[in-house]
Amino acid sequence: MPAAAASKFPLTVTEVAGQPVVELAKKFGTPLFVYDAEIVAERVADLAVFDVVRYAQKACSNLAILDVVRRSGGVVDAVSAGEIQRALAAGFKPGFAEPPQIVYTADIFDRETLELVAKHEIPVNCGSPDMIDQYGAVCPGRGITLRINPGFGHGHSQKTNTGGQQSKHGIWHSQLADCVERAKRSKLSIAGLHMHIGSGTDMEHLSQVCGAMEAAALSVGSSIHSISAGGGLPTPYREGDKKVDIAAYYELWNGVRERLAAAFGHPVSLEIEPGRYLSAEAGSLIAEIRAVKKMGDNLFYVVDAGFNNLARPILYGAYHPMAVAYASGKSEGATQPVIVGGPLCESGDIFTQEDGGYVRSRDLPVAAIGDYVVIGVAGAYGAVMGSNYNSKPLAAEVMVEKGKVHLVRERQTFADIIRGEHIPK
Ligand code: LLP
C-alpha cells in the first residue's frame with residue numbers, strides 16, 4: 001500500500017460536496033450539516049477486507065446515512081432502543097442471520113430495550129455480567145457475544161477512553177470465566193467476543209487489543225465464531241494528519257483470526273465497528289458569520305452555529321478544520337488570527353479551544369458578516385450530539401448524492417422544541 005498522503009484542509013472554499021456553499025446556505029438556511037454520500041460509501045469500501053463492517057451509528061444516525069451504509073454493504077450497531085428502531089427504519093433486517101444486520105451493544109438493558117431485542121430477535125453484545133442473566137431470563141437458547149474490557153484503553157480524550165479500571169464499559173477481562181458459567185446457566189452460547197478500547201485512538205494502542213482478544217477467545221473455546229475489533233479508527237482532523245493504514249491493521253487482526261480458526265477447527269468471522277471513520281470526513285457544518293468583533297487584542301467571528309450543533313470542541317477541546325466561504329463567491333482572502341465562537345450564552349461556546357477550555361486563535365481568511373465558516377470533518381459526533389440548549393432548533397441536514405442535494409432532516413421548528421411541555425392549569 002502506498003504511504004498515505006498528509007491531509008490538506010483549504011482555508012477558503014466555495015463548494016462543499018461539490019455544491020456551492022452560498023446556494024446551500026440560501027436554500028436551506030444555517031447552521032446546516034452537509035453530508036457527501038460518496039465519502040461514506042468510499043469509507044465502507046476501504047474496509048472491505050474485513051468480513052463485516054458494522055457501522056457504530058452513534059456517530060451519525062440520520063436515516064439517510066444509515067441507508068448509504070446499508071447500500072454500501074455495511075451492517076449496523078445499535079446502543080439503544082432508538083438506534084434499533086432507526087436501523088429497522090433504514091431497512092436493516094432483524095434476526096440471527098450471519099452476519100446479523102443489527103447488533104445491540106451496551107452495558108445495560110433498560111426495560112424497553114430488553115423487550116425490543118426479545119421481540120425483534122436482535123442479537124446482543126453484552127457489556128456487563130448482569131446483562132447475561134437478564135437476557136437469559138427472557139431469551140434462553142440464543143447466542144450472545146461478550147464485550148470485554150481488556151484492562152487497558154486509549155482515546156483522543158480521557159472522555160473517550162473505554163478501557164481500563166476507570167471505564168464503565170465491557171466485562172472486566174478476569175471475569176470472563178465466570179461469565180462463561182453464567183451464560184451456561186442461562187442456556188446462552190457465547191458465539192463471539194468484542195473489544196473496543198476507545199475512540200479516536202491510534203494504531204499502537206489499537207494493535208495491543210489483538211493479543212488480548214486472542215487470549216480471551218482461546219479461553220472461551222470453540223463456541224466462538226466471530227471476533228470484533230471494535231471501532232476507534234482515527235480520522236484526519238488537522239493539516240498533515242495521515243490516514244490510517246488499514247492494510248497493516250487488517251494483517252494484525254487477520255493473524256489473530258487465522259490462529260483462532262486453526263485452534264477451533266472452524267472459520268472465525270472478523271468484524272470491525274467504526275463510527276467516526278465512516279462518517280466524519282463526509283460531513284461539514286456551514287455557519288454564517290453574524291458578528292466580527294474585537295475584544296482587546298482578540299478578533300472574534302461569532303457565527304450562528306454553537307456547541308448545540310457541534311459539541312466536540314467544548315467537550316474534548318477537539319480540533320476541527322475550518323474554512324471561510326465568501327458570500328461573494330470569491331475564492332481567496334488574506335488571513336488573520338481569529339477566534340471562532342457561537343451564539344450561545346455561555347463563554348465555552350468557542351470552536352477554537354483546546355482541552356481545558358483554553359481559547360486559541362487560528363489563522364483564517366479576513367471575512368465579514370454574511371460570509372460563512374465551514375467547519376470540516378463534522379460528520380461524526382456532530383448532529384447526533386446536538387441539543388436544544390438556549391432553545392435553539394436542531395440544525396437542518398442535507399445529503400449530496402450523485403450531484404443531487406436532498407434535505408434529510410428538516411430544521412426543527414419552535415413547535416418541535418416545546419412539543420410535550422405543559423403549563424400546569
Ligand atoms: N464501538 C463501540 C462499542 C463504541 O463505544 C464506539 C464509540 C464505537 C464503536 C465507535 O467509535 P469510533 O470508531 O467512532 O471512534 N463523542 C466522542 C466519541 C464517543 C465514542 C463513543 N463510542 C467524539 O466526538 O469524539
Side-chain angles (χ1 to χ4, degrees), residues 33 40 43-44 46-47 50 52-61 65 69 74-80 83 87 102-108 123-128 131 145-150 153-164 167-171 192-203 205-206 209 213 227-238 243-244 246 249 271-283 285 307 309-320 351 353 355 375-387:
F33 282 96
V40 176
R43 293 291 165 274
V44 177
D46 291 348
L47 299 173
F50 289 84
V52 180
V53 179
R54 184 172 301 287
Y55 177 47
Q57 67 169 291
K58 74 198 86 182
C60 185
S61 54
I65 296 283
V69 170
V75 291
V76 80
D77 168 63
V79 299
S80 65
E83 285 195 354
I102 309 169
V103 169
Y104 174 69
T105 292
D107 300 296
I108 65 155
V124 169
N125 183 25
C126 298
S128 57
M131 282 180 76
T145 58
L146 301 182
R147 175 181 181 176
I148 307 299
N149 177 336
H154 187 253
H156 67 79
S157 153
Q158 191 44 36
K159 293 172 191 152
T160 65
N161 177 340
T162 58
S167 168
K168 65 180 171 153
H169 294 295
I171 289 169
L193 292 185
H194 167 283
M195 289 184 187
H196 170 82
I197 59 157
S199 198
T201 177
D202 54 34
M203 260 322 134
H205 289 89
L206 284 173
V209 180
M213 175 63 88
I227 53 172
S228 171
L233 290 176
T235 267
Y237 283 98
R238 285 177 193 265
K243 277 206 181 320
V244 51
I246 299 291
Y249 188 53
E271 289 207 3
I272 189 160
E273 192 178 69
R276 182 187 322 269
Y277 185 80
L278 299 192
S279 63
E281 292 168 281
L285 173 60
F307 71 71
N309 304 114
L310 180 67
R312 303 192 69 255
I314 192 174
L315 281 178
Y316 320 113
Y319 182 99
H320 281 263
F351 289 116
Q353 64 179 293
D355 205 10
I375 305 180
V377 199
Y381 308 108
V384 283
M385 293 177 80
S387 77

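All ligand and atom numbering here is 1-based and tracks the order in the structure. In what follows, every heavy atom counts, from backbone to side chain, and hydrogens, waters and symmetry copies are set aside.
Counting only N and O atoms by type, the side chains of H154 and N161 include no donor and acceptor under 3.5 Å apart.
Atoms CD1 and CG, on I65 and L278 in that order, are 10.0 Å from each other to the nearest 0.5 Å. Rounding to the nearest 0.5 angstrom, the gap separating the OG1 atom in T162 from the NZ atom in K168 is 10.5 Å.
Between Y237 and H320, the distance from one ring center to the other falls under 6.0 angstrom.
With sequence neighbours excluded, the residues satisfying salt bridge (Lys or Arg N to Asp or Glu O under 4.0 Å) with E271 are R54.
Counting only distance, with no hydrogens or angles, the side chain of Q57 and the backbone of D77 share a donor-acceptor pair below 3.5 Å.
Residues with a heavy atom under 4.0 Å from ligand 1: A56, K58, R147, H156, T160, H194, H196, S199, G200, G231, G232, E273, P274, G275, R276, R312, Y316, Y381, M385.
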